[in-house]
Each structure stands twice: as C-alpha cells, then as structure tokens.
Amino acid sequence: MTTFPVLATLISCLFFLLSLPVYGYTISEIKSWCSQTPHPETCEHVLVATDAESTTRGLGVKCHNNLEKTALNDCIRLYKNTVQRINMTIDPNKKCSQVEMQTWLSTALTNLETCVVGFEELGVGASLLPLMKNNVSSLISNTLAMNKGRKSSNNEPRYQKGFPTWVNRGDRKLLQSSNLATQANVVVAQDGSGDYKTIGDAVAAAKSGGGRYVIYVKAGTYNEYIEIKANNIMLLGDGIGKTIITGSKSVGGGSTSFGSSTMAVVGDRFIGQGFTVRNTAGPQNHQAVALRSGSDLSVFYQCSFEGYQDTLYVLSNRQFYKECDVHGTVDFIFGNAAVVLQNCNIYARDPPNKTNTLTAQGRTDPNQNTGISIHNSRVTAASSLNGVKTYLGRPWKQYSRTVYLKTYLDGIVNPAGWMPWSGDFALDTLYYGEYMNTGPGSSTTNRVKWKGYHVITSGVEAAQFTPGNFIAGGSWLPGTQIPWTGGL
C-alpha cells in the first residue's frame with residue numbers, strides 16, 4: 001500500500017463527507033460509493049459517520065435561543081469554507097503542491113475547531129456540541145500526517161518576472177502614486193465625490209476575477225462592518241489614522257470572536273494598505289476583534305489594528321504583515337494561520353486585570369504548518385503600564401507555535417517571557433522560540449523552563465520561520481510589490 005493512493009482516498013472521502021446534500025445515508029449506500037475508491041475499507045470507516053456539513057445545517061431547528069443561532073451561523077460559514085478548501089486539494093484542473101495541500105487541510109481543521117469555540121465562548125449549545133464534535137477532524141488530522149510525510153515535488157508556483165497572473169493593473173505604480181483615484185477601479189468617499197459612500201457597498205459590487213480589483217477609500221471614519229469575500233481585492237486608504245474602519249461587536253455583546261470582527265477578509269490574495277481598523281467595544285467586553293483574516297496569500301502593509309482583547313485574528317492560511325501597528329491587551333494577536341509580522345509595532349495597552357499576553361496561537365495538530373512569527377519588529381507600551389505583567393504569549397491550543405526573531409522587546413516584558421494557559425497544559429507540546437532579540441525585555445536568563453520553550457541559537461533553525469521559508473514568500477510576495485525580506 002503506497003502513501004499517496006491512501007492520501008487521495010482520505011481526501012476524496014473528506015470531500016464526500018462534507019458535501020453530501022442530506023445526511024442519513026445507509027450503510028449499503030456508503031458501501032456502494034466507497035467501492036469505487038482505491039481503498040474502500042478506509043472509506044467505509046470514515047463515511048459511516050454522520051455527514052458534518054448537512055448535520056450542521058440541520059441543527060438550526062434545535063437551537064433554543066439567539067446565541068445558539070449566532071454560533072450555528074458561524075459554523076455553517078466555516079463548514080462551507082472547509083468544503084471549498086478540501087475541494088481545492090482535489091481540483092483536477094489545478095495540481096496543488098504538498099505545501100498548498102498542507103495549508104488548506106490545516107485551514108479545514110481550524111475551521112472545524114473554530115465552530116466549536118463559538119459555542120463555548122457564548123456558553124451555549126451543550127446539547128449541540130456532541131453533534132458538532134464528529135470524526136471529520138480526526139480524518140483531516142490523518143490526512144495532514146500522511147501528506148506531511150509525502151515527498152514535496154518542489155512545484156510551488158513561480159511567477160514570471162515576479163508577477164502572478166492576477167496582477168494586471170500595474171500595482172507597483174498604484175502603490176507609489178499620489179493620484180490613487182485615477183487608478184482604482186472604484187473610489188469610496190463619504191462626501192459623495194467617489195463611486196460609493198460606504199466601503200460595504202463597494203465591496204459588495206466587487207467580483208472575483210483574473211485581475212486585481214482596486215478599491216480606494218478616501219480619508220474618513222467609516223462606522224461599518226466589512227466582509228471581503230471576493231478574491232484578488234486590493235483595499236487602499238489614505239494612511240493610518242486617516243482612513244478608519246470602526247465597529248464595536250464583542251463576545252460580551254453577544255457575538256462570537258469569529259463574528260465580532262469589524263473587518264473580515266475571506267477571499268484569497270487580498271492586499272490592504274494605508275488604513276486603520278478598530279474595535280471600540282473596550283476591555284470590559286472581552287473578545288472583540290478588529291480584523292479577522294482567513295485569506296490565503298494575503299498582505300497587509302502600513303495598516304493599524306486597534307482593540308483590546310483579541311484585536312488581530314489571524315484565523316488561517318498564509319498571511320504577511322509589513323510595517324503594521326497592532327494595539328491590544330489580552331491574546332491580541334491570535335489564531336492558527338501561518339503568519340509573519342515583519343517590521344511591525346506591537347503596542348501593549350493598559351488591561352483591566354493587570355496582565356497582558358501578546359499572542360495566543362491556536363495550532364491543534366502537530367502536522368499543521370501554522371504558527372506566528374514576529375520578525376524584526378518592536379514590542380513596546382502604548383501608554384504607561386506601571387505594574388502590568390506583559391508576556392510574549394500563552395498556549396491557546398495543544399501545539400501552539402510562536403517565535404520572536406531579531407525583535408526589540410521593551411522592559412514591559414516579564415522576565416519569565418511566557419505565560420501558561422491553565423496549569424501544565426501544552427507546556428511540553430508547544431513550540432515557543434526566541435532568536436537574537438534585543439532590548440531590556442529580551443534577556444532569556446529567567447525565562448520559563450518548559451520543554452517546549454527554545455532559546456534558538458542556530459540561524460538555520462531560526463530561518464525556518466522567515467517569510468521565505470515559513471510562508472513560501474518567494475513564490476508569491478514579489479508579485480504584490482510590497483517590500484519584504486525573505487531571510488533573517
């Protein structure tokens with residue numbers, strides 16, 4: 001039995017399980033379908049389980065209140081995205097690489113975990129959670145393990161002359177031009193001088209296509225909730241503090257973390273530049289997301305994200321942040337993307353409980369190619385933080401992975417560096433690393449003694465977390481025309 005045929009069977013079973021139109025298939029029907037696969041026994045074992053997406057949709061009649069419906073609506077969207085990601089791995093018209101497959105399977109697993117988290121955050125759905133926790137997650141984990149062991153074909157896409165096919169509007173000129181209005185597809189201006197008065201209307205009119213679709217948003221404060229679903233969108237503002245998108249949803253106000261975002265990016269290959277995203281719910285309302293991104297191959301350049309708990313939700317897929325500002329208190333850079341923040345400013349604000357945690361990375365499987373890498377950045381106080389304990393991160397999930405590389409750490413960082421989540425949870429299975437950091441908070445002498453904590457001394461080990469390696473940046477970042485450094 002070779003590895004790849006079994007892997008192909010698992011993926012096809014995954015897709016089938018997540019896309020059945022109705023649930024309740026009989027054993028004989030499952031056997032009939034599985035008989036067409038190379039490994040019917042494996043397929044049968046998987047498909048006896050209740051169809052996950054259809055079950056999720058069918059749970060609506062079981063919801064007892066609006067909070068349960070809120071969490072369930074998130075799940076329906078997340079399961080739909082899971083089907084799309086798995087479908088991308090078996091698309092006969094596009095051969096995906098081993099890295100792409102691992103990325104999209106990692107996203108699929110993250111989506112299922114995020115669904116469950118929503119119910120837990122709102123403290124509802126005790127009768128529904130057993131139905132949500134099906135064996136699809138186990139199947140994805142098995143597939144991740146097998147794909148990780150598959151030899152890479154080194155066929156990551158390389159774009160001729162540094163440009164991917166979806167760049168056809170001269171993005172370099174656009175980024176450097178002072179006359180953005182003449183080069184954008186549409187202009188948003190509150191005073192009526194553009195094509196639209198709201199960002200939401202401009203985004204709703206955008207369609208996924210082969211080329212870059214540019215939305216220029218003039219200076220102003222836009223009090224609205226944005227979700228960008230189309231691929232290849234570029235959103236340009238007039239600069240940090242000038243073009244501002246603001247909202248105030250929160251878990252304390254009845255949303256999930258997933259649903260609380262002021263701005264959410266779902267479509268792939270997004271580029272954002274020159275704007276601020278805020279969540280003004282305040283620290284008393286707990287989780288309150290400014291930006292949530294699940295966009296693969298996405299870039300944010302010279303943007304600011306402002307909130308308190310859970311400001312920047314790097315949900316999934318491959319992401320890159322350059323020269324951005326992130327403001328927050330508790331777990332304010334969190335999620336399970338493969339993400340690099342380079343030359344960014346991370347500002348710890350005054351928290352209500354006198355403890356700050358900068359990151360909470362959410363890797364649930366050791367074979368997910370995810371983690372948070374903070375490279376050549378600065379960690380400082382947003383204001384006076386007298387007596388506040390500030391930590392580099394804590395393990396939200398079992399295989400949490402976060403590294404700080406050549407980053408300035410101010411004296412606000414507690415000498416222990418890292419904070420437990422609960423008791424000894426994940427302390428042996430996490431991967432936390434520091435490499436050649438500077439500043440008064442960078443000494444590793446009194447850092448935690450956990451098995452999973454590493455003072456990285458090897459440049460080779462540290463280089464695994466640079467944009468060139470961790471998010472395969474050389475295959476797609478040049479085409480965005482955003483400045484970036486591939487290595488240490």
Original post:
Would you say the side chains of Glu121 and Ser257 form a donor-acceptor pair under 3.5 Å?
Top reply: yes

Original post:
Considering the options Leu358, Asn336, Leu312, Thr402, which one meets the side chain to side chain contact (heavy atoms under 4.5 Å, CB included) requirement together with Ile372?
Top reply: Thr402

Subject >> Flag, side chain of Asn367 to backbone of Leu144, donor-acceptor distance under 3.5 Å >> reply: no

**OP:** Answer yes or no: is there a donor N or O on one side and an acceptor on the other, between the side chain of Ser377 and the main chain of Ile374, under 3.5 Å?
**Re:** no

**OP:** Using the side chain to side chain contact (heavy atoms under 4.5 Å, CB included) rule, pick out the option among Val379, Leu392, Leu409 that qualifies with Ile346.
**Re:** Val379

Original post:
Between Tyr225 and Glu227, is any side-chain donor less than 3.5 angstrom from a side-chain acceptor?
Top reply: no

**OP:** Scan Val188, Val214, Ile215 and name whichever one has a side chain to side chain contact (heavy atoms under 4.5 Å, CB included) with Leu235.
**Re:** Ile215

Subject >> Test log, rule ring-ring contact (aromatic ring centres under 6.0 Å, His included), inputs Phe425 and Trp396 >> reply: CA-CA 9 Å; Phe425 170 74; Trp396 181 29; over 10 Å; no

Original post:
Is it the case that Lys242 places NZ or CZ above or below the six-membered ring of Phe275, under 6.0 angstrom from the centre and within 45 degrees of the axis?
Top reply: no

Subject >> No-hydrogen, no-angle side-chain donor-acceptor test under 3.5 Å, Trp418 and Glu434 >> reply: yes

Original post:
If you draw the axis of the six-membered ring of Tyr308, does the NZ or CZ of Arg349 fall within 45° of it and under 6.0 Å from the ring centre?
Top reply: yes

Subject >> Salt bridge flag under 4.0 Å for residues Arg318 and Asp268 >> reply: no

**OP:** Give yes when the SG atoms of Cys75 and Cys115 are nearer than 2.5 Å, otherwise give no.
**Re:** yes

Subject >> Option from Phe465, Tyr399, Tyr453 for which ring pair (Phe, Tyr, Trp, His ring centres under 6.0 Å) with Tyr431 holds >> reply: Phe465

